[in-house]
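Positions are given from 1 along the sequence.
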Amino acid sequence: MLDGLAAAPDPVHRGAAVGMSLLAAPAPAGGSRMAAALYDPSPWVQAQGVEVLLARSDEAAARAALQAYVARPDTPPHLACGAAQRLA
């Protein structure tokens, strides 16, 4: 079911599926699915990915992924700022 929602055209459904599946993912920082969330065209889905990384911030891979996300030139400024503040 989550896989179907993760491909949904509605970013709210896609973001919810991404958040739930990545929180439970055994791979460090959510693995390759996290990259898909952080490069999703919807800022809402990207924000869900950031929330998961912040929730998993005890993992070095999650902190590294957040730092890389914040440094990207295409990251929405409000998401980059919020993520950097909460990561600090």
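V70 and A83 get closest at one heavy-atom pair: CG2-CB, 3.8 Å. Contact between A65 and L53 at its shortest, heavy atoms only, is CB-CD1, 3.9 Å. Shown here for G49 and A37, the closest heavy-atom pair between the two residues is CA-CB, 4.4 Å.
Residues passing the side chain to side chain donor-acceptor pair (under 3.5 Å) test with R63, sequence neighbours excluded: none. Scored by the side chain to side chain donor-acceptor pair (under 3.5 Å) test, Q48 finds no partners at all (sequence neighbours excluded).
Salt-bridge formation is detected for the pair E51/R86: a Lys NZ or Arg NE/NH1/NH2 atom is positioned less than 4.0 Å from an Asp or Glu carboxylate oxygen.
Sorted by first and then second residue, the pairs that involve residues 66-82 and meet salt bridge (charged side-chain N to carboxylate O under 4.0 Å, His left out), not counting sequence neighbours, are R72-D74.
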Inset, instruction - Determine, stepwise, if the pair L38 / V50 fulfils side-chain contact (heavy atoms from CB on, under 4.5 Å). - result: CA-CA 8 Å; L38 295 178; V50 167; 4.2 Å; yes
Legend entry - Verdict with supporting geometry, L54 and L66, side-chain contact (heavy atoms from CB on, under 4.5 Å): CA-CA 8 Å; L54 288 167; L66 267 173; 3.5 Å; yes
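For the residue pair Y69/Q46, the side-chain donor-acceptor check at 3.5 Å is satisfied.
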